[in-house]
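Here the structure is laid out as structure tokens; the discussion comes afterwards.
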Protein chains: 2
Amino acid sequence: MLITSPHLDAAFAALADPTRRAIVARLALGEATVMELAQPFDMSQPAISKHLKVLEIAGLISRSRDAQRRPCRLEPQVLADASGWLDHYRDVWERNFRRLDTLLDEMKRQEKKSSVPRRRAKKK
Amino acid sequence: MLITSPHLDAAFAALADPTRRAIVARLALGEATVMELAQPFDMSQPAISKHLKVLEIAGLISRSRDAQRRPCRLEPQVLADASGWLDHYRDVWERNFRRLDTLLDEMKRQEKKSSVPRRRAKKK
DNA sequence: TAGTTGTATAACTAAATAGTTATATAACGT
DNA sequence: ACGTTATATAACTATTTAGTTATACAACTA
């Protein structure tokens, strides 16, 4: 979890671009060729090829061969890794939040038990 | 889920840097000042301040004031949003995978029922 | 008030990124 | 073999990024 850094660098960087996230979203529905992936975008074909290379290097997609075509498929493992990293630290945060929260509760309860008598003592 | 793009651009870009992920990891344990966050890194203080600004703009952290200090705290919502995006498309992929998988199974079953008779017919 | 501590900003540089057009490669159909 | 289709690569440009040092600002302490 902690030392998967170089891997996650590429994954998060790849996902930071809206065009690439749209490609990932499209590929979640199934394989597609470069032409098919390029079609929705107002962008040159080489630009799409470059985005696909970024996704491939990040391990988010893989490509096979079908005649002249290079169908792309989503590789969900890296999505899972990125999600795992996020969830891990959300979880750590939540545990610490709860810990502090109960600590504050206990301090309040201590106050009720101890500060009232203290005031009484002062009054006396 | 689909149109939260500009938001996710900044979040994923912020998380693409290992220094910033380390800062997020540290803040999951609780608040910390800029000095405390900078200490583990072989990097100038202004560099850390810039990383913190990137994280703040992405909505991943927030900062308060304590005398000269600017304690940083993690804001887990954006982590949750990013994780949600990933999980959503993993889920879409998985559903489509299963759908294709059962489709293939059905096709195989059809083959058993229909192609064997066809072969018999040919032989005859 | 003067010095100190904690943090931010300015100005700069080197490297990386996202796009372009033009061209090359690869496999098909005729 | 020849033109066509699908994709990749090269060369270039503009923008962004991650770092630097020097400096400014803000709030404390003596």
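Proteins come first, then strands; the chains are lettered A, B, ... in the order of their sequence lines, and each starts at number 1. Atoms considered below: every heavy atom in the structure, side chains included; atoms not considered: hydrogens, waters and symmetry mates. Model, not experiment: these values are computed from the prediction.
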For the atom pair CD1 (Ile48(B)) and CE (Met35(B)), what is the distance rounded to the nearest 0.5 Å?
11.5 Å
Please assess Glu94(B) against Arg98(B) for the test salt bridge (charged side-chain N to carboxylate O under 4.0 Å, His left out), listing each intermediate value before the final yes or no.
CA-CA 6 Å; Glu94(B) 192 130 328; Arg98(B) 280 201 225 288; 3.2 Å; yes
Residues, nucleotides or ligands: over 12 heavy atoms within 6.0 Å of Phe97(B) CZ
no
For Gln45(A) and Ser49(A), does a side-chain donor sit closer than 3.5 Å to a side-chain acceptor?
yes
Could you please name the option among [options] that lies closest to any side-chain atom of [X]?
X: Gln68(B); options: dC28(D), dT5(D), dA8(C); value: dC28(D)
X: Ala67(B); options: dC28(D), dG19(D), dT20(C); value: dC28(D)
X: Ser44(B); options: dT21(C), dG19(C), dT20(D); value: dT20(D)

Only one of Val24(A), Ile23(A), Leu29(A) clears side chain to side chain contact (heavy atoms under 4.5 Å, CB included) with Arg26(A); which?
Leu29(A)
Atom [atom1] of [X] and atom [atom2] of [N]: how far apart are they, to the nearest Å?
X: Arg70(A); N: dT5(D); atom1: CZ; atom2: C1'; value: 15 Å
X: Arg20(B); N: dT16(D); atom1: CZ; atom2: C1'; value: 12 Å
X: Arg21(A); N: dA18(C); atom1: CZ; atom2: P; value: 12 Å
X: Phe12(A); N: dT17(C); atom1: CZ; atom2: P; value: 16 Å

Taking the side chain as C-beta and beyond, is there a heavy-atom pair between Leu15(B) and Trp85(A) under 4.5 Å?
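Yes, at least one pair of side-chain atoms sits under 4.5 Å.
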Those residues of residues 54-66 of chain B lying under 4.0 Å from DNA chain C by at least one heavy atom:
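The stretch gives Arg63(B) as the residues lying under 4.0 Å from the strand, ordered by number.
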Arg95(B) and Asp91(B) ion-paired at < 4.0 Å
yes
Determine whether a donor-acceptor pair (one donor, one acceptor, N or O, separation below 3.5 Å) exists between the side chain of Gln45(A) and the base of dA6(D).
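By the distance-only test, no, there is no pair.
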When we call it a touch if two heavy atoms are under 4.0 Å apart, what does Lys50(B) touch: a base, just sugar-phosphate, or nothing?
base
Which residues satisfy the side-chain hydrogen bond (donor to acceptor under 3.5 Å, both in side chains) test with Gln68(B), sequence neighbours excluded?
none
Return the residues of residues 29-40 of chain A meeting this criterion: a heavy atom under 4.0 Å from some atom of DNA chain D. Order them by number, or give none.
Thr33(A), Val34(A), Met35(A)
When you match Met43(B) and Ser49(A) each to their closest nucleotide on DNA chain D, which lands nearer the 5' end?
Ser49(A)
